[in-house]
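As structure tokens, the structure follows; a few thoughts come after it.
Each residue takes its place number in the sequence, starting with 1.
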Amino acid sequence: MYQYETCQSMWLNRGHSFDQKQYVNVYGVVSDPTAVAKTRGSDSKMTLKIFDETTSTQGVVYGSADDLGRVPSSIQVTFFDSNPYELPRPAEGDIIRIHRLTAQMFNGKPQFICKTGALNGAGTSKSAWCLFHGDGESTEPYAQSSQNASVSDGRRINALREYARRAQTLPFMDEFGSKDPDNKLRRICDIKQQEFFDLYCLILDAHFVEGSDGSYVMLVWDGTDAPPLPPSMTTALSEQRNEMNVDHRDLELESDLDKQQFYAHGFLKNGQDELPEKENHAMPRIGSAFPIFMHSSKVELDEIPNAGEWVKIRNLNTQVVRGQLQGFVRRETSFVRNKKALPDLIRQYDERKLNNVVAAWGAPHNSPALTVTTHPNMRYSTIREMLLSKPPMRHKLRVVIRGFSPDVEKMCTPKPGTASGFQYGVCLRVIDGTDTVDVYVAGEEAERFFHNITPADLKKDAKTRERVASRLARLTKHEQLERTAPWIDLCVMQYIVRDAQSAKDVSKFSARRLYHEFAILQL
């Protein structure tokens with residue numbers, strides 16, 4: 001007959017050193033089960049947390065090494081096996097029974113380990129587990145590590161199912177609301193440079209990076225905007241390894257990605273020029289598509305999260321590439337898959353849509369726009385919304401200029417039909433919280449854009465060239481933190497341009513989209 005501990009007694013009665021181990025049998029409710037990942041050795045591993053009626057409920061408690069008498073709100077258990085397919089793959093809220101769990105101290109912190117598989121060389125049996133559906137009624141396991149598992153305690157399983165349902169409304173389930181200093185869960189808008197953090201998010205897109213050796217990028221979303229950092233800011237991965245004192249084996253991406261930016265470009269294969277076949281109404285219009293990198297060898301191929309999944313990603317690192325904040329997967333990063341959309345995230349996203357807050361960092365109380373348009377009451381769009389819509393269409397954007405072409409001295413060309421007149425022609429690369437796009441400014445709109453600066457031969461007219469350069473410098477100057485970004489309002493018309501061949505033969509239709517600014521009143 002097996003004797004079972006509660007989660008509380010398991011925590012308090014663990015061994016008090018690495019050499020002093022306790023072997024525990026326990027039932028618990030599963031939370032945050034991670035995808036299977038490879039260890040640095042030959043094993044694979046996964047982690048999960050368990051809780052029951054005896055764990056803390058008043059708030060999220062992580063279990064501090066400075067207060068070992070305080071029971072956490074859930075206890076992390078790590079499973080190891082030489083065969084990755086023999087590890088448990090529970091769902092959130094399932095019930096797990098574990099036999100011979102090792103409870104010990106390691107580096108001053110409690111540690112709970114399950115090593116499953118065949119017998120040890122000494123003949124001592126390793127850990128064993130059984131899984132029971134959290135939303136079912138059966139007391140028979142749907143998965144187990146041993147074919148000869150003992151009979152389960154049906155009353156205990158049903159009691160934990162009932163407690164798991166009640167626990168959904170208790171404070172310890174709201175990790176975003178936790179003020180605990182050990183809480184690393186961040187919204188995308190709150191991520192800081194050079195920190196380790198957790199993220200609860202929806203994967204909008206995921207793919208291998210073309211031209212790289214197995215590198216993989218996920219574009220993730222939680223309804224908030226990543227902070228716009230100065231374009232002069234780049235933190236290389238090699239520098240982060242030194243500054244953060246991280247084992248170099250933790251980071252696997254190659255140097256060719258160290259300084260590469262990644263934007264969604266409307267989630268279109270050919271970028272902003274491509275015409276969408278149909279509007280993707282499922283794609284959120286507001287909120288950053290935050291890039292996170294990993295290497296294909298980080299986890300088993302069948303464990304890589306897919307587009308469309310809600311996940312919690314634990315222990316991410318950061319880097320900045322020319323002002324774009326990016327996440328970076330290290331060896332200790334883990335993925336909690338098949339999560340549900342958090343009601344608070346969806347509610348806040350709906351509020352942003354209702355109030356037309358397309359650029360949180362560029363909202364009027366953060367950064368007044370440096371331009372005025374002739375359409376003050378026009379509804380704002382995001383760049384993503386514009387790229388996902390079909391032309392012709394007009395949009396009003398709130399953006400930051402990240403670059404321009406051609407060089408200043410080439411921005412004015414002779415004006416057709418005049419003997420000595422000139423006209424502006426400029427392409428602006430702009431970003432907002434969602435994406436980036438190139439917008440053309442020409443003709444009378446360009447003259448309004450360069451308010452009170454008459455177009456001239458900028459190769460010869462040094463004074464006018466200096467004024468144009470000064471104007472552009474004002475619009476692109478961003479040298480400090482996120483709140484100093486120079487936001488502008490920009491009205492953009494997107495339309496279709498056919499090439500010469502398709503104009504002659506409609507059977508050879510070829511077209512692309514262009515984006516032109518209109519309705520700037522003045523700077």
Side-chain angles (χ1 to χ4, degrees), residues 2 4-8 10 25-36 46-57 60 72-79 85-99 101 112 114 116 127-147 149-177 185 198 200-203 302-303 305-306 308-314 334-347:
Y2 288 96
Y4 292 93
E5 302 276 357
T6 64
C7 288
Q8 180 187 67
M10 180 180 80
N25 307 316
V26 66
Y27 281 89
V29 182
V30 174
S31 68
D32 282 2
T34 69
V36 172
M46 66 84 61
T47 68
L48 54 81
K49 296 179 181 179
I50 59 173
F51 65 88
D52 64 11
E53 305 91 336
T54 65
T55 47
S56 301
T57 61
V60 180
S73 48
S74 59
I75 298 173
Q76 180 168 301
V77 181
T78 305
F79 291 78
Y85 300 103
E86 295 296 326
L87 288 166
R89 284 171 169 79
E92 188 90 9
D94 281 350
I95 311 301
I96 190 167
R97 186 189 77 179
I98 308 173
H99 285 174
L101 177 152
F112 301 91
C114 290
T116 59
S127 302
W129 51 266
C130 292
L131 289 173
F132 308 87
H133 288 299
D135 57 358
E137 296 180 356
S138 173
T139 56
E140 295 297 320
Y142 71 83
Q144 58 195 56
S145 60
S146 171
Q147 293 182 350
S150 59
V151 177
S152 57
D153 185 342
R155 294 180 62 183
R156 183 64 185 138
I157 292 169
N158 287 326
L160 284 172
R161 284 172 174 157
E162 176 60 29
Y163 180 69
R165 286 189 285 269
R166 298 200 313 270
Q168 296 303 310
T169 59
L170 296 179
F172 80 95
M173 299 297 285
D174 181 17
E175 199 168 4
F176 273 114
L185 190 62
D198 302 341
Y200 197 117
C201 55
L202 171 66
I203 301 177
D302 62 340
E303 298 292 344
N306 300 312
E309 280 191 57
W310 281 93
V311 296
K312 181 191 283 186
I313 309 176
R314 287 160 46 179
S334 57
F335 299 91
V336 182
R337 300 184 63 181
N338 301 312
K339 301 291 282 185
K340 296 180 180 179
L342 289 179
D344 279 353
L345 296 186
I346 302 303
R347 177 183 56 79

### Message
Which residues pass the side-chain contact (heavy atoms from CB on, under 4.5 Å) test with Asp344, not counting sequence neighbours?
### Response
Arg347, Gln348
### Summary
For Lys340 and Tyr200 the tightest heavy-atom approach is O-OH, 2.5 Å
### Task
Using side-chain contact (heavy atoms from CB on, under 4.5 Å) as the criterion, list what pairs up with Leu170, not counting sequence neighbours.
Thr57, Tyr163, Ala167, Phe172
### Message
Could you work out, with side-chain hydrogen bond (donor to acceptor under 3.5 Å, both in side chains) as the rule, every residue matching Asp174, not counting sequence neighbours?
### Response
none
## Note on the structure
Closest non-hydrogen atoms of Ile50 and Gly28, given as atom of the first, atom of the second and distance, are CB-CA, 4.2 Å
### Shortest non-hydrogen separation from Thr55 to Cys7 and the atoms involved
CG2-CB, 3.6 Å
### Task
Classify the ring geometry between His99 and Tyr2 as parallel (under 30°), tilted (30 to 60°) or perpendicular (over 60°).
parallel
### Query
Are the side chain of Ser73 and the backbone of Val60 linked by a donor-acceptor contact shorter than 3.5 Å?
no
Could you pull out all donor-acceptor pairs under 3.5 Å where a side-chain atom in residues 132-144 meets a protein atom, sequence neighbours excluded?
unit_1: Ser138; atom_1: OG; unit_2: Glu140; atom_2: N; d: 3.0
unit_1: Tyr142; atom_1: OH; unit_2: Asp94; atom_2: OD2; d: 2.5
unit_1: Gln144; atom_1: NE2; unit_2: Ser146; atom_2: O; d: 2.6

### Query
With sequence neighbours excluded, what pairs up with Ser74 under the side-chain contact (heavy atoms from CB on, under 4.5 Å) test?
Ser31, Lys49, Phe51
### Task
Would you please name every residue forming a side-chain hydrogen bond (donor to acceptor under 3.5 Å, both in side chains) with Asp198, sequence neighbours left out?
none
### Least distance between heavy atoms, Arg97 atom then Ser152 atom
NH1-CA, 3.6 Å
### Query
Can any side-chain N or O of Glu92 pair as donor or acceptor with the backbone N or O of Asp32 at less than 3.5 Å?
yes
### Message
Looking at every non-hydrogen atom in both residues, tell me the closest pair between Leu48 and Pro33 and how far apart they are.
### Response
CB-CA, 4.0 Å
### Query
Considering residues at least two apart in sequence or located in another chain, which fulfil the side-chain contact (heavy atoms from CB on, under 4.5 Å) criterion with Arg156?
Tyr27, Asp52, Glu53, Asp153, Ala159, Leu160
### Query
Is the side chain of Glu162 donor-acceptor paired with the backbone N or O of Asn158 at a distance under 3.5 Å, no angle test?
no
### Gln8 versus Thr54, closest heavy-atom pair with distance
N-OG1, 3.0 Å
### Message
Thr78: which residues meet the side-chain hydrogen bond (donor to acceptor under 3.5 Å, both in side chains) condition with it, sequence neighbours left out?
### Response
none
### Query
Mind checking what makes side-chain hydrogen bond (donor to acceptor under 3.5 Å, both in side chains) contact with Glu5, not counting sequence neighbours?
Ser9
